[in-house]
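Quick caveat: nothing in here was measured; it's all calculated off a predicted structure.
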Amino acid sequence: MPTPHAESSTEALSPAIRELLSIFEGELATVQFPNVSAKILSQLATQVSTETHRAEALRQQLDAAQATLAEAQAKLVRTAELGLAYARVFAADDPELLQRLAEIHVGAGDASPGRRRKLEVAAPEGAIRLPAKRGRKPKQHPTGADIDATGT
């Protein structure tokens with residue numbers, strides 16, 4: 001029968017290890033092999049459990065830190081976009097500065113500049129790309145004068 005101490009560590013242990021621990025704590029409780037006993041196995045299982053809990057706590061801290069980082073990055077991008085817009089208005093009379101500002105792209109476009117270039121290459125200069133039509137094509141009625149105003 002496993003000790004309460006070993007039961008707290010079972011979630012971090014494989015079923016095979018738990019079964020072996022149970023055997024060493026039961027039938028083999030009085031037997032000792034070189035560097036292997038119920039006490040040694042139990043201590044190591046407890047250490048694994050402790051480290052598992054510690055790793056999970058660190059994982060949660062990492063997740064929280066990554067969420068905070070993502071929020072900070074989003075706020076930076078929004079503020080940078082606003083700053084860029086203000087700078088472009090300010091630089092309206094300075095062609096050199098306006099050119100430098102025109103080369104700066106902040107925000108979602110920075111993540112995939114290759115895609116933007118592909119779209120620019122695909123559309124001729126000044127062309128407007130409309131989204132693809134969705135849904136079914138309308139039913140084709142037979143041509144002729146036999147269709148009245150009601151469509152029958």
Distance col, row Q47:CD vs T52:OG1, nearest 0.5 angstrom, shows 10.0 Å
Is R78 salt-bridged to E81, cutoff N-O under 4.0 Å?
no
Output the distance between atom CD (E71) and atom CD (Q66), rounded to the nearest 0.5 Å.
12.5 Å
Reported CD-to-CG distance for the pair E25 and L41, which is rounded to 0.5 angstrom
8.5 Å
Taking all non-hydrogen atoms of both residues, which atom of A12 and which atom of S49 are closest, and how far apart?
CB-CA, 4.0 Å
Quick one about Q99 and E103 (side-chain donor to acceptor, distance below 3.5 Å, no hydrogens or angles considered), yes or no?
yes
Could you measure the distance from the CG atom of D63 to the OG1 atom of T68? Nearest 0.5 Å is fine.
10.5 Å
So, taking the atom named CZ in F24 and the one named OG1 in T30, what distance separates them when rounded to the nearest 0.5 Å?
11.0 Å
When hydrophobic residues are tied together by side-chain contacts of less than 4.5 Å, even through go-betweens, does L97 share a cluster with L84?
yes
Using modelled atom types and a 3.5 Å cut-off, is there a donor and acceptor pairing between side-chain atoms of T79 and backbone atoms of K75?
yes
Decide whether L20 and V31 are clustered together by the hydrophobic rule: side chain heavy atoms of Ile, Leu, Val, Met, Phe, Trp, Tyr closer than 4.5 Å, transitively.
yes
Taking V36 as the starting point, is it possible to reach I17 by hopping between hydrophobic residues whose side chains are less than 4.5 Å apart?
yes
Path from I23 to V48 over hydrophobic side-chain contacts below 4.5 Å
yes
S22 side chain vs R18 backbone, donor-acceptor pair below 3.5 Å
no
Does atom CZ of R88 have more than 12 heavy-atom neighbours from other groups under 6.0 Å away?
yes
Rounded at 0.5 Å granularity, tell me how far CD in Q73 sits from CG in L69.
4.0 Å
How far apart are the closest heavy atoms of L13 and A45, and which atoms are they?
CD1-CB, 3.6 Å
Work out which heavy atom in A91 is nearest to a heavy atom in L101; give both atom names and the distance.
CB-CD1, 3.7 Å
Linking I/L/V/M/F/W/Y whenever their side-chain heavy atoms sit closer than 4.5 Å, directly or via other members, would L21 and L44 fall into one cluster?
no
